[in-house]
Number of protein chains: 2
Amino acid sequence: MSGDPTIYDIAARAGVGIATVSRVLNAHPRVKVETRDAVLKACADLGFRPNRAARRLAAGGPNRPRVAALAPLFATAFAYGVTRPLAAGLAAAGIDLVLYDIPDRETKQRTLDRLLGERACEGLVLCSMGIGPERAAQFAAARIPVVAVDHPCDGLPAATIDNRAAMRLAVEVLRERGARRIAHLAGGDALAYRERRAGFVAAAGAAAPVVPAETPTREGGAAACGILLDAHPDIDAIACASDAIAVGALEECRRRGLAAPDRIQIMGFDDQPFMDVIGLSTVRQPVAGFGAWAAQAVAALCADPGAAVTPVLLPVSVVERQTTRTPAAPSRRRGR
Amino acid sequence: MSGDPTIYDIAARAGVGIATVSRVLNAHPRVKVETRDAVLKACADLGFRPNRAARRLAAGGPNRPRVAALAPLFATAFAYGVTRPLAAGLAAAGIDLVLYDIPDRETKQRTLDRLLGERACEGLVLCSMGIGPERAAQFAAARIPVVAVDHPCDGLPAATIDNRAAMRLAVEVLRERGARRIAHLAGGDALAYRERRAGFVAAAGAAAPVVPAETPTREGGAAACGILLDAHPDIDAIACASDAIAVGALEECRRRGLAAPDRIQIMGFDDQPFMDVIGLSTVRQPVAGFGAWAAQAVAALCADPGAAVTPVLLPVSVVERQTTRTPAAPSRRRGR
DNA sequence: TTGAAAGCGTTACCAC
DNA sequence: GTGGTAACGCTTTCAA
């Protein structure tokens, strides 16, 4: 009576053999109704749940690999943009995808502990997050390949963009469109946001105003924008750490009667769905490319742990729409 | 040499015992380096992949339930809106979520076959799709609880909305706002779309124009809208089967110089993120509610197959924004 | 219709 | 360090 009940417990309680219990569980045709009911009752009484591992082992099904993906599903559409091609790519490779929403650091560590402790997966995809070297060593020791996406990680193959360069590019475009006093609405602690911020400082100078949004959401963006405009009413352009922040900023500006792009120019980051109809100029990043790369990379590594997976630096571009001034016709500007 | 290689094969090839192979695989400290390398080489040579079921059975880890969710991840944000609370709710219940993207009928059947054949899950969530009675019987026989979301299904607990009534409500609102010649841009074969169409016909009459979009996307919506306007230039309102279709229609109308809401009113369906900033009037459905309900329902059923799970009919409401005429101030209208 | 017993591929304990 | 050898919990013949 220590752990979960097994078919032996059920068999004993129902006064039958374990083979009979198994038959009942598998809806085998030739079982007397009374015995069946007795077994079912015993199952219910004991709260019996068949052990999946034992089942699969005995039944001899295929040993399908499983990949765990950790991502901050959050409010943002980013993780979803990555998830879809990931799911599709893994399915094509006959790999199951177990999705874990990681809202905070603690959940992340707990999830990683579990994955490791229970040997719950044959591969790991990290979306927008990294792991320390000890962790990486643990996974290496457990022979579980790990790849990262949207976040570089020492020693792990990763698909990333150059967030600094991307933000520098955004600032340059804003300048070329006539902006003189550019500010930055930063995101949170995530590395990508910190890099974007660093890129902004590098391009706009240390004196340029930077206001962090409490959360990388519309609400956070609007609030941060309010603080920014109160402190620096003369700002004429805002480079934002994400589209959500940018939309919030845009709303706040409208609320204050500051027209975009004439009075103030606004640049987002991501190019989420519908940003084109909103008319937000933004830095486009290859969201689907992240997912596709991760699927291919982790599948290759699962198939052959020695496979050579090359990290990639995906290209970004700025898409000029209605929140930045027009140089000529709306165009797409190449990135780095 | 019939199936996959086992540790016995590795042991034989490396000239060691299976216990040693196991030690190597688990990064046990006390293994001579040479033996370790020999084992590793044998593993590589034979392409050995440890059997997860056997591992877990022997290691005696927790028998964590697994729930499979089938959803058309598609272009729409709908499935994602459902997925997040589902992932969160299941995680809280200690249940793993395996996500399957179901782009078409064939994939669905194949996936269900696999799930059943391999007994790959302890619970199933169907998003925006149903299963036939035979299927349902198969899952019942396998004692795998199934719940549906956004799609009613005979004999299965489901969370749904009344799509007919919702679309009738949309038509009514449009009428109250002065629309006289209302048309419908329909979605695909999915039941929800068919119901919405039926609701439209019921409210607007069989003579009202209905044009199906090739795909329930912006492109599909724009194309269908073009066809509609060519055939019926006098239309003054369009009730759309989804937000994506509505946005496409809105774009097409703008392209033709038809101003919304003055010349033509447009109503969406879903209330996806950012529809408020686009200003689309739409029928809001409780996307997150679907996911939360499914998590709770399937978790309850996993814990106790006899649990009473009540189907729910979630409320909808129409949100009036800038693509419908204003009655007074923009307001939220209660649904049914 | 049912029971006994032989695996399924690992892990882990116990000797050597 | 390393090799036997019991488990682990279930499915599946094979007889009865």
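Lettering follows sequence order; numbering is per chain, from 1. No experiment lies behind these values; they were computed from the predicted model shown.
- In this structure, A:H28 atom NE2 and D:dT12 atom C1' are separated by 9 Å, rounded to whole Å.
- For the pair B:T20 and D:dG3, the criterion of a side-chain N or O lying under 4.0 Å from OP1 or OP2 is met.
- Checked by atom type and distance alone, the side chain of A:T111 pairs as donor or acceptor with a backbone atom of A:T107 at under 3.5 Å.
- Look at B:D96 and A:R114 and you find a salt bridge, because one of the NZ, NE, NH1 or NH2 atoms lies within 4.0 Å of a carboxylate O, short of that distance.
- Although no hydrogens or angles enter the test, the distance criterion places a donor-acceptor pair under 3.5 Å between the side chain of A:N63 and the main chain of B:R52.
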For nucleotides 8-16 of chain C, 5' to 3', base contacts (B), sugar-phosphate-only contacts (S) and non-contacts (-) with protein non-hydrogen atoms under 4.0 Å give BBBBBB---
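- Under the rule for a side chain to side chain donor-acceptor pair (under 3.5 Å), A:R66 has no partner lying at least two apart in sequence or in another chain.
- Within the nucleic acid shown, B:G15 comes within 4.0 Å of sugar-phosphate atoms alone, with no base atom in reach, counting heavy atoms only.
- Looking at A:K41 and A:D45, a side-chain N of the basic residue comes within less than 4.0 Å of a carboxylate O on the acidic one, giving a salt bridge.
- Classification of B:R135 and B:D113 as a salt-bridged pair holds, one side-chain N sitting under 4.0 Å from a carboxylate O.
- An OP1 or OP2 oxygen of D:dT2 is reached within less than 4.0 angstrom by a side-chain nitrogen or oxygen of B:T35.
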